[in-house]
Amino acid sequence: MHRVPSPRPITLTFMCAASSSSPSSSEIPPFRYAAELANEIERRHQNRWEAEGVYHSPNPTGPLSADGIAADRPKLYVLDMFPYPSGSGLHVGHPLGYIGTDVFARFQRMQGFNVLHAMGYDAFGLPAEQYAVQTGQHPRITTEANIANMRRQFRAMGLGHDDRRSVATTDVAFYRWTQWIFLQLFNAWFDSKTNRARPISELIAAFETGEHEPNNASHQNGRKWSSLSGLEQRSVIDSHRLVYLDEAPVNWCPGLGTVLANEEVTAEGRSERGNFPVYKRPLRQWKMRITSYAERLLSDLDLIDWPEPIKLMQRNWIGRSEGAAVSFPLAIDPGIIIEVFTTRPDTLFGATYMVLAPEHPLMDQIVASEWPENIPTSWRGVGEAGATPAEAIATYVRYAQSKSDVERKVESKVKTGVFTGAFALNPTNGEQIPVFVADYVLMGYGTGAIMAVPAHDTRDFEFATAFELAIVGVVEPTPAWFESHDLSPGTSSASWPEAFTGDGLAMSSANDEVTLNGLDTPAAKSLIIEWLEKRSAGTGTINYKLRDWLFSRQRYWGEPFPIVYDEHGLPVALPESMLPVELPEIEDYAPVVLGEGDDSVPEPPLGRASEWVNVTLDLGDGPKSYRRELNTMPQWAGSCWYYLRYLDPTNTEAFVDPGVEKYWMQGSHADGTPAFGGVDLYVGGVEHAVLHLLYSRFWHKVLFDLGHVSTPEPFQRLYNQGYILAPAYIDARGVYVPAEEVQGNVESGFTLNGEPVTQELGKMGKSLKNSVDPETIYGAYGADTLRLYEMAMGPLDADRPWNARDITGVHRFLQRLWRNLVDEETGDLRVTQETGDIDLRRLLHRTIAGVTDDMKGLRFNTAVAKLIELNNALTKHVTEHGDTPVEVATAFALMLAPLAPHVSEELWERMGKKSSVVWDPFPTPDPALLVDDE
RNA sequence: GGGCGAGUGGCGGAAUUGGCAGACGCGCAGGAUUCAGGUUCCUGUGUCCGAAAGGAUGUGGGGGUUCAAGUCCCCCCUCGCCCACCA
């Protein structure tokens, strides 16, 4: 059926640019494996694969199920981090991971697995919107054109995706379910007793029966549920939801006209996208209660097979620390309590002052009306001489807020602050200690207030030194510490040159009820916590750096919230039956971009769709008018769950069928190792170590708690592919210039238009202007050569420089292999039924064993090297005997199939095989030929 | 400042568990084919000494453990990444 006819004239003109650097085609033997033949082979087999649907992976049930080939195979889910469909298309750095998963997926399919391998598009986001703002063209049009272009590029590289499962986050049929998941979170609360999410209806029921009483003191002062009004009850319930509205300082980026999550703000205090300055502003925004999951997000890292550095980054981001919450009453009014968090409760006796963050809510209650006598002038701040404490504080707070994070960083060594005029009582000894305001204490961590122990904390030491505060040592430093500071052991803390922050034996820490003296640090911590708890002055607590996730954006091109506001201005979730909430058409997509110093509250672009915004709906108590939520979801929303939609992309009844979900997400035991489920292999770049990978773990856990998915974690195994680096060039202004236009070399120097430029090596991409278009590579060598080169150039997880020169190496390999099996002049097979000599057979079977092993371990670079070695031996054999033993030819085509699928399929076909090589079993080595018989 | 990772020929890299360092490819050199260039094929290619045989030396630097170290331990240097006033 597919036997290839003999000589076939090749008259392709595809990518003839390639011949400028190679000989004219008339001199190449007609069946040499060069660009033209490779391209012809590739197009033909890509068409065949698509027509036959060879990459369709059957589901166990539903519309994507199928009888036959794969129904009884074990499953394997191989996933890529899906791309943003950018207008500039792919460069050769993008597909590195995609080729890696494709090779792995193809190999495992040949190992007998039903492999799910699909590709989607993370298509909401800024570039399409910005383009729409500039051109007036709807972002959907640009987005869909970009997706079509990217899909074409993936197909041309021979990536074997199940195209029936391709989704884009911008599809209404997709974001309908993003909105549905939002509703699951909205209609859920976190039960800290069982440490999991439960439906909000169960919370309401618990309130009704009195099993649970509202304990949200700040809202309802502990009143009984039954005594609350309807609106008060709603407010209590809303404050328990996993999604909630919060008026709090958020990262406001005027340059982008939107708020940003902490994760989207760089250390320099700028937006990760666009590099605009970001300011803290109090705004009413949606947040997701990811902090409830802090402990599980942390501890479940132990269950999954992820690279240690990524786990570490997540652990650092979650930032768990054990310590104590301690209450410090105000001296003049013990009813006012300043609560602090400390990791060193053992140093409590050494707390000689306190500090509040500038934004601390208790500030107004604490500030004294006038300065106490005999305080150093530096305590009164740097403002006008006669200022009251309140005025001095106000000046300082303004100063602190005006500083950007960059300035804070630069000035971090210089401690500034102002005395509030108030004193608090150290709970251990009743001593009055002054309370300061200083910007080295951050409102965003702990309680926004600290007890300062200058003898044992570097920052407190610096502040205490600057403000002439007492430094009282309560932990005995080690002899080595004294020695390294040229002090004799036991020197008084007043003479220490810096804080001693290590563990040691407690000293000077005793009152009438408790003494820590002589205890080591861990023992001192637990004893003082015990004492604090007995006195109701504190408790042992665990604190996290992780903040709740800011979930709303003032953007057009994102998922609308399934939320409306009623006549009280309170949010009401729409019922499932009203989904999807589609984006309205509007004229102007631009966000409201504000200038510096403009403090007005911006209205999101959706506010312009007035007919859409104001709606009359019947939500159960008759038609009433409502106002829609104007914010849209952040780009992370769709990427939080797209891997679940691949499983069942056409389902209109559920986001995924439960049986289908269980089938693909169950723990696989391919190599006998225990697995508790999730995607079997997830490949992507390290840049998503905290953002996407933390958010999607969070959503997945909520869905797990609510019974919608069967595994507690989404991704069993994570693998980070490296980046492709390329030379980039900077001109005299320090601006990147297009690398392809630069002339010169290392010796003579580099120039652009005669101007000297300097070379550096950087991640390939648009920002460094050093992209290489994959089409020029497979135009000149074929896609199989590009695939093979990217796999051969180094380990998948390592960064590696792009070196066009090296591509010829793998191209020659394919050419030599081809020549060993196919006569270049006639196109006839050069395969014999005879078996080769024993040395060649031994090498063949060693290669099969080695390549199998390498493929399983994602070591494609050494797999390619082994295949080249085998081919070198085969070349020698063919030179001597004139043809290739069929055993070698067959095994070679199969082993090469995952890496270079087109040429393998072609060889397979020429050898008379009727079915695609894609589904044939990978060869197995003969154990008898693996041992040397010396 | 803290944490993590990495340093192997001219270049990309290999050496899976402590066991012949440099697989495989690029580049380079020589040869065959060719009018020539290119292509293709063969041979060689860490460094130093030597015509060769052979010898010495060699995995960022220094020290150590071991019969044996690129691999393990200690100190130092360089580079990369992440976090960064986190109480």
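Below, chain A is the first sequence line, B the second, and so on; all start at residue 1. Atoms considered below: every heavy atom in the structure, side chains included; atoms not considered: hydrogens, waters and symmetry mates.
- Between A:Ala865 and A:Gly446, the residue whose closest nucleotide on RNA chain B is further toward the 5' end is A:Ala865.
- The phosphate of B:C41 (OP1 or OP2) has no side-chain N or O of A:Arg812 nearer than 4.0 angstrom.
- Across all strands shown, B:G44 forms a Watson-Crick or G-U wobble pair with B:C28, both key distances being under 3.5 Å.
- Atom pair A:Phe813:CZ and B:A23:C1' shows a separation of 15 Å (rounding to whole Å applied).
- Each of B:G27, B:A23, B:C41 was ranked by its minimum atom distance to the side chain of A:Arg816; first place goes to B:C41.
- Residue A:Glu308 is classed as having no contact, given no heavy-atom separation below 4.0 Å to the nucleic acid.
- Going from atom CD of A:Gln314 over to atom P of B:C81 covers 21 Å, rounded to whole Å.
- Look at CG on A:Asp439: it is 17 Å from P on B:A87, rounded to the nearest Å.
- Spacing between B:G10 and B:U59 at atom P, rounded to whole Å, works out to 13 Å.
- A 3.5 Å limit on both hydrogen-bonding distances identifies B:C67 as the Watson-Crick or G-U partner of B:G19.
- Under the Watson-Crick and G-U wobble criteria, each requiring two contacts below 3.5 Å, nucleotide B:U39 is left unpaired.
- Against the 90° criterion about 0, the sugar-base torsion of B:G9 places it in the syn range.
- A:Lys856 contributes atom NZ, which lies 9.5 Å from atom CZ of A:Phe104 (distance to the nearest 0.5 angstrom).
- A:Asp799 meets the salt bridge (Lys or Arg N to Asp or Glu O under 4.0 Å) test with no other residue; sequence neighbours excluded.
- Taking a pair to require two hydrogen-bonding distances under 3.5 Å in either a Watson-Crick or a G-U wobble arrangement, B:A14 remains unpaired.
- Remark: B:G5 base-pairs with B:C79; criterion is Watson-Crick or G-U wobble with both hydrogen-bond distances under 3.5 Å.
- Rounded to whole Å, the P atom of B:C48 lies 14 Å from the corresponding atom of B:C11.
- Using a 4.0 Å heavy-atom cutoff across all strands shown, A:Asn543 reaches no nucleic acid atom at all.
- For the C1' atoms, the distance from B:G50 to B:U57 is 15 Å, rounded to whole Å.
- A distance of about 30 Å separates the P atoms of B:G9 and B:G2, rounded to the whole Å.
- Residue pairs meeting the ring-ring contact (aromatic ring centres under 6.0 Å, His included) criterion with at least one partner in residues 844-864 of chain A, sequence neighbours excluded, are absent.
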Under 3.5 Å, which donor-acceptor pairs link side chains of residues 808-817 of chain A to any protein atom two or more places apart or in another chain?
unit_1: A:Thr808; atom_1: OG1; unit_2: A:Arg805; atom_2: O; d: 3.0
unit_1: A:His811; atom_1: ND1; unit_2: A:Thr785; atom_2: OG1; d: 3.0
unit_1: A:Gln815; atom_1: NE2; unit_2: A:Tyr33; atom_2: O; d: 2.8

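- Put simply, CZ on A:Arg315 is 19 Å from P on B:C82, counting in whole angstrom units.
- Here the separation of B:C73 from B:G1, taken at their P atoms, is 25 Å to the nearest Å.
- Contact annotation: side chain of A:Lys415 to base of B:C85, donor-acceptor pair present below 3.5 Å.
- Aromatic ring pairs are classed by plane angle as parallel below 30°, tilted from 30° to 60° and perpendicular above 60°; the pair A:Tyr396 and A:Tyr399 is tilted.
- Taking atom CG of A:Leu442 as the reference point, atom P of B:A87 lies 11 Å away to the nearest angstrom.
- When the side-chain contact (heavy atoms from CB on, under 4.5 Å) test is applied to A:Lys545, the partners found at least two apart in sequence or on another chain are A:Tyr445.
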Give me the distances for all protein-to-nucleotides 3-10 of chain B N/O pairs that come in under 3.5 Å?
none

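- One C1' atom belongs to B:G63, the other to B:C77, and the distance between them is 15 Å to the nearest Å.
- Of the two residues near RNA chain B, A:Met313 and A:Thr342, the one whose nearest nucleotide lies more 5' is A:Met313.
- To the nearest 0.5 Å, atoms CG (A:Leu768) and NZ (A:Lys763) are separated by 9.0 Å.
- Regarding A:Glu322, its CD atom lies at a distance of 15 Å from the C1' atom of B:A87, rounded to whole Å.
- Pairing of B:U34, defined by two Watson-Crick or G-U wobble distances under 3.5 Å, is not identified with any nucleotide.
- The distance between atom OH of A:Tyr440 and atom P of B:A87, rounded to the nearest whole Å, is 13 Å.
- Between A:His456 and A:Trp496, the angle of the ring planes goes over 60°, which puts this pair in the perpendicular group of the 30/60° scheme.
- Residues A:Tyr781 and A:Tyr789 keep their aromatic ring centres 6.0 Å or farther apart.
- Of the C1' atoms belonging to B:U78 and B:A69, the separation is 22 Å, rounded to the nearest Å.
- A heavy-atom distance below 4.5 Å is not found between the side chains of A:Tyr719 and A:Pro307.
- The nearest whole Å value for the distance from the CZ atom in A:Phe461 to the C1' atom in B:G1 is 17 Å.
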Q) Between A:Thr862 and A:Asp854, is a side chain to side chain donor-acceptor pair (under 3.5 Å) present by the stated rule, with each step listed? A) CA-CA 7 Å; A:Thr862 50; A:Asp854 286 347; 3.0 Å; yes

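- For the P atoms, the distance linking B:U17 with B:C72 amounts to 10 Å, nearest Å.
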Would you tabulate the nitrogen or oxygen pairs shorter than 3.5 Å linking the protein to nucleotides 12-15 of chain B?
unit_1: B:G12; atom_1: O2'; unit_2: A:Met793; atom_2: O; d: 2.9
unit_1: B:A14; atom_1: OP1; unit_2: A:Asn861; atom_2: ND2; d: 3.1

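- Rounding to the nearest 0.5 angstrom, the gap separating the CH2 atom in A:Trp306 from the CG atom in A:Asn720 is 9.5 Å.
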